[in-house]
Amino acid sequence: MRRDKLVVGNWKMNGIASSNSSLLGGIRDKLGGLDEGKAAVCVPFPYLQQAKEALSGSPISLGAQNVSEQDMGAFTGEVSAKMLADFDVKFCIVGHSERRSLYSESSNVVALKAEMLLKQDITPIICVGETLDERDGGMAFEVVREQLRVVLEKIGPKGVDRSVIAYEPVWAIGTGRVASPEQAQEVHAVLRDLVGSSDKNTASKVRILYGGSVKPENADDLFAMEDIDGGLIGGASLKVEDFAAICAAVV
Ligand code: PGA
């Protein structure tokens with residue numbers, strides 16, 4: 001089955017209003033001709049309104065980087081899925097490895113977050129990925145399978161059908177050390193298989209992005225692989241030229 005490719009920028013905790021303004025303006029100028037639904041940027045919470053306004057009328061969708069697993073109430077510092085919906089957020093990253101490792105987010109919490117987003121019709125981008133030790137120990141498949149299994153169990157194939165999965169090997173994030181297209185493809189196939197064990201149709205439809213040191217120089221080769229449906233881009237999404245060049249690899 002042919003799946004539409006998608007490129008998502010993950011700005012992480014970078015940018016301030018003035019630099020965002022030129023980045024968003026540049027992206028808009030460069031990618032104005034892209035088809036709707038091919039590209040998104042996940043910005044820090046305080047800049048959702050700025051990004052929403054800057055991208056309005058453009059084919060680039062708005063995304064967030066995190067959400068609370070709670071609905072509402074006394075959760076100081078948290079941001080709910082309903083709040084994100086107020087800004088017309090289309091995508092939200094959950095379970096990024098930085099959240100798993102630095103903020104102790106478990107797969108159970110990731111599953112609850114995905115569920116909250118789906119209730120608001122926001123597409124979760126469910127991240128999974130193994131560390132270098134886990135890969136070297138021959139555990140990569142097992143680790144990502146278990147991370148996805150917990151979420152799949154919670155939201156079911158119907159929920160996965162409305163989500164995007166991202167495979168991001170921890171050793172490739174921000175390191176300049178990219179997984180080879182074959183290494184990534186192998187894991188993407190494992191993830192698709194796992195989804196297929198509960199629903200074949202969802203497995204053939206769900207988009208699985210690769211993330212970890214994607215650059216204009218390697219995007220074409222990665223995105224050409226059968227089960228790689230685009231990318232989740234960190235560092236390179238902060239540079240207009242690089243992000244635009246990566247997006248050009250999905251058209
Ligand atoms: P990177 O980050 O492209 O800078 O490696 C990817 C990510 O963490 O989403």
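Atoms within each ligand, like the ligands themselves, are counted from 1 in listed order. Computed from a predicted structure; not experimentally measured.
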* **I173, portion touching ligand 1 at heavy-atom distance under 4.0 Å** =>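 Both backbone and side chain of I173 come within 4.0 Å of ligand 1.
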* Is A166 touching ligand 1 with its side chain, its backbone, both, or neither, if touching means heavy atoms under 4.0 Å apart? ->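 None of A166 does.
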* Under 3.5 Å: N/O of E98 near N/O of ligand 1 ->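 Not met; the criterion fails.
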Pull out every atom of ligand 1 sitting under 4.0 Å from any heavy atom of [X], numbered as shown with elements.
X: G212; result: 5 (O)
X: G235; result: 1 (P), 3 (O), 4 (O)
X: G174; result: 1 (P), 4 (O), 5 (O)
X: A172; result: 5 (O)
X: E168; result: 6 (C), 7 (C), 8 (O), 9 (O)
X: K12; result: 2 (O), 7 (C), 8 (O)
X: H96; result: 7 (C), 8 (O), 9 (O)

* Asked: Does ligand 1 have any atom that is closer than 4.0 Å to a heavy atom of K215?
  ->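 No, that is not the case, since the closest heavy atom of the residue is not under 4.0 Å from the ligand.
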* Asked: Quick one: does A236 get a heavy atom under 4.0 Å from ligand 1?
  ->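 Not so, A236 does not reach ligand 1.
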Is it the case that the side chains of [Y] and [X] hold a donor-acceptor pair, with the cut-off being a distance below 3.5 Å and no angle test?
X: Q65; Y: W11; answer: no
X: R100; Y: S107; answer: yes
X: K113; Y: N66; answer: yes

* With a 4.5 Å limit on heavy-atom distance, are the side chains of L118 and P124 in contact? ->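 Of all side-chain heavy-atom pairs linking P124 with L118, at least one is under 4.5 Å.
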* Roughly how far, to the nearest 0.5 Å, is the CG atom of L6 from the CG atom of L232? ->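 The CG atom of L6 is 9.0 Å from CG of L232, to the nearest 0.5 Å.
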* Report the distance from atom CZ of R192 to atom OG of S197, rounding to the nearest 0.5 Å. =>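 Atom-to-atom, R192:CZ and S197:OG are 13.0 Å apart.
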* Determine yes or no for a side-chain-to-main-chain donor-acceptor pair under 3.5 angstrom, with R3 supplying the side chain and S204 the backbone. =>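 Answer holds: yes.
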* May I ask you to check if R99 and Y103 form a cation-pi contact, with NZ or CZ under 6.0 angstrom from the six-membered ring centre and within 45° of the axis? =>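 Flagged: R99 positioned over aromatic ring of Y103.
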* To do: Distance to 0.1 Å, residue and atom name: give those for the protein heavy atom nearest to atom 3 (O) of ligand 1.
  =>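 The answer is G234 N, 2.9 Å.
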* Asked: Is the closest basic N to carboxylate O distance between D4 and R2 below 4.0 Å?
  ->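 Salt bridge present between D4 and R2.
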